[in-house]
Amino acid sequence: MHRVIIDTDPGQDDAFALLLALASPEIEVLGVTTVAGNVSVTQTADNARRILELAGHGDVKVFAGAERPILRPARPVPEIHGATGIDGWDWAPAKKGAEAKHAVDWMVETLLREPSGDVSLIALAPQTNLALALCRAPAIAGRIKRIVFMGGGYFEGGNMTPAAEYNILVDPEAAAIVLNSGVDIVATPLDCTHSAPAPVGWSAELEALGSDVGRACGGMMRFFEQYGNRKYGTPSRPLHDAIAVGALLWPDLFEGKRCPVDIECAGRLTTGMTVVDWLRQTGQKDNCLWLRHCTDPVELYRRMREELARLPKT
Ligand code: RIB
Ligand code: CA
């Protein structure tokens with residue numbers, strides 16, 4: 001059983017990740033924290049509420065976090081995710097709002113309260129909340145079981161600049177704090193996600209689930225892959241954040257290597273780059289399991305769809 005806090009900036013691929021985590025009997029979602037990323041923090045919190053309620057898990061609490069990265073301005077990407085961040089479905093308004101407590105405060109309290117080594121963090125956005133929590137209460141580093149994050153790219157380069165992937169580029173200082181925290185970290189970078197595009201036409205298979213969840217996922221998938229298919233000239237796109245949850249659930253489908261990874265925070269052309277010492281030339285500590293690729297994408301998406309089918313048919 002994985003007991004997790006999910007830090008996220010929904011985002012269609014974040015939505016799939018949340019739904020997958022909520023559907024899986026192997027995951028207990030203790031709460032959802034949101035951050036400024038794909039859209040504003042108020043919008044990501046509202047989006048998380050709508051996704052939880054669609055999945056029949058309105059009981060799970062949402063906590064809004066940082067309104068901007070530590071040193072840099074927020075960098076919403078409506079051109080990728082749409083004005084709402086989860087375009088592609090006509091979402092019912094959330095019945096309940098986010099909690100009054102700040103995400104960083106709740107994250108720290110939860111990690112200090114729950115048994116040490118029991119709770120993992122799934123990080124699907126710029127890592128501002130995680131970094132602030134680690135600075136606010138350094139003791140949580142020794143209590144976090146594992147951080148699984150979607151972000152970065154080395155062999156694949158970046159998706160926002162030639163060197164940088166979005167989640168890391170938006171807040172590279174936060175990512176550097178997290179990667180140097182001493183916590184056990186699993187990275188699901190573009191190297192991995194680009195090896196696992198969704199099956200072509202997967203939207204129709206999602207809609208065939210015959211549930212609002214399936215129809216919402218089909219619509220989000222259709223919207224989400226437009227931008228990437230145009231940019232990369234591909235027939236389908238990977239659901240980056242959902243693949244990170246897949247890596248937690250099904251490590252048998254992924255290959256990678258523990259090695260030293262650090263963040264470039266000052267390069268004129270390379271700010272936000274995840275510098276992966278794959279050949280261990282720096283002599284630095286292996287601080288991250290860097291997943292380089294998915295070994296069976298067809299099976300990965302089959303399992304994802306099977307999990308999504310568990311969610312209520314409402
Ligand atoms: O680069 C992909 C990442 O950036 C995903 O987390 C996506 O949701 C966006 O936040
Ligand atoms: Ca995201």
Side-chain angles (χ1 to χ4, degrees), residues 1-2 4 6 13-14 16-17 20-21 23-24 26-27 120-125 127 144-159 162-168 175 178-200 202 225 228 232 234-264 272-308:
M1 187 56 138
H2 302 284
V4 304
I6 301 178
D13 57 328
D14 302 71
F16 274 85
L20 182 54
S24 172
E26 293 172 42
I27 294 181
S120 295
L121 300 183
I122 300 178
L124 307 174
Q127 299 175 12
I144 298 168
K145 180 178 182 183
R146 174 178 308 121
I147 295 173
V148 180
F149 76 78
M150 190 280 140
Y154 182 64
F155 299 97
E156 276 291 298
N159 60 3
E165 175 277 331
Y166 177 81
N167 286 339
I168 308 299
V178 170
L179 270 167
N180 292 292
S181 64
V183 177
D184 180 28
I185 293 177
V186 178
T188 312
L190 296 177
D191 306 347
C192 179
T193 63
H194 282 184
S195 76
V200 175
W202 201 46
E225 60 186 3
Y232 292 92
T234 48
S236 71
R237 298 304 302 152
L239 287 162
H240 304 285
D241 293 331
I243 294 169
V245 175
L248 178 69
L249 284 171
W250 308 306
D252 58 305
L253 298 181
F254 297 86
E255 273 180 358
K257 181 162 98 171
R258 292 193 61 76
C259 52
V261 178
D262 206 344
I263 308 295
E264 177 55 70
M273 178 177 177
T274 42
V275 182
V276 179
D277 184 8
W278 191 257
L279 299 178
R280 295 200 184 93
Q281 302 179 91
T282 62
Q284 294 301 309
K285 204 170 76 65
D286 292 352
N287 60 341
C288 175
L289 172 58
W290 189 263
L291 296 183
R292 185 159 179 191
H293 69 270
C294 172
T295 54
D296 190 345
V298 172
E299 175 60 10
L300 172 66
Y301 286 92
R302 188 197 67 74
R303 292 185 192 180
M304 280 190 200
R305 185 177 184 276
E306 193 173 64
E307 293 297 326
L308 293 172

Could you pull out the closest heavy-atom pair between [X] and [Y], with the gap in Å?
{"X": "Ala196", "Y": "Leu300", "answer": "CB-CD2, 4.1 Å"}
{"X": "Gly228", "Y": "Arg237", "answer": "C-CD, 3.4 Å"}
{"X": "Leu190", "Y": "Gly158", "answer": "CD1-C, 3.8 Å"}
{"X": "Val261", "Y": "Cys288", "answer": "CG2-CB, 3.9 Å"}
{"X": "Phe254", "Y": "Cys192", "answer": "CD2-SG, 3.5 Å"}
{"X": "Ala244", "Y": "Thr188", "answer": "CA-OG1, 3.6 Å"}

Side-chain contact test, heavy atoms from C-beta onward, threshold under 4.5 Å: evaluate it for [X] versus [Y] and give yes or no.
{"X": "Ser120", "Y": "Val148", "value": "no"}
{"X": "Val245", "Y": "Ile27", "value": "yes"}
{"X": "Leu248", "Y": "Arg146", "value": "yes"}
{"X": "Asp241", "Y": "Phe16", "value": "no"}
{"X": "Thr274", "Y": "Pro189", "value": "no"}
{"X": "Leu239", "Y": "Met150", "value": "no"}
{"X": "Asn167", "Y": "His240", "value": "no"}

Pair Lys285 + Asp262, salt bridge at N-O below 4.0 Å: no
State plainly whether the residues Glu299 and Arg302 are in salt-bridge range, i.e. N to O under 4.0 Å. yes
Approximate separation, where rounding is to 0.5 Å, of [X] [atom1] and [Y] [atom2]:
{"X": "Leu20", "Y": "Leu249", "atom1": "CG", "atom2": "CG", "value": "5.5 Å"}
{"X": "Cys259", "Y": "Asn287", "atom1": "SG", "atom2": "CG", "value": "8.0 Å"}
{"X": "Ile144", "Y": "Ile185", "atom1": "CD1", "atom2": "CD1", "value": "9.0 Å"}
{"X": "Met304", "Y": "Ser24", "atom1": "CE", "atom2": "OG", "value": "12.0 Å"}
{"X": "Asp191", "Y": "Leu291", "atom1": "CG", "atom2": "CG", "value": "9.5 Å"}
{"X": "Ile168", "Y": "Phe149", "atom1": "CD1", "atom2": "CZ", "value": "5.0 Å"}

In short, salt bridge (Lys or Arg N to Asp or Glu O under 4.0 Å) pairs touching residues 274-284 with sequence neighbours left out are Arg280-Asp286
Return each pair, listed once, that meets ring-ring contact (aromatic ring centres under 6.0 Å, His included) where at least one residue sits in residues 276-307; pairs must be two or more places apart or across chains. Phe155-Trp278, Trp202-Tyr301
Main-chain N/O of Cys294 paired to Ser195 side chain as donor or acceptor, under 3.5 Å: yes
Under 3.5 Å: donor-acceptor pair, side chain of Ser236, backbone of Pro199: no
Criterion side-chain contact (heavy atoms from CB on, under 4.5 Å) against Val178, the qualifying member of Leu121, Ile263, Ile147: Ile147
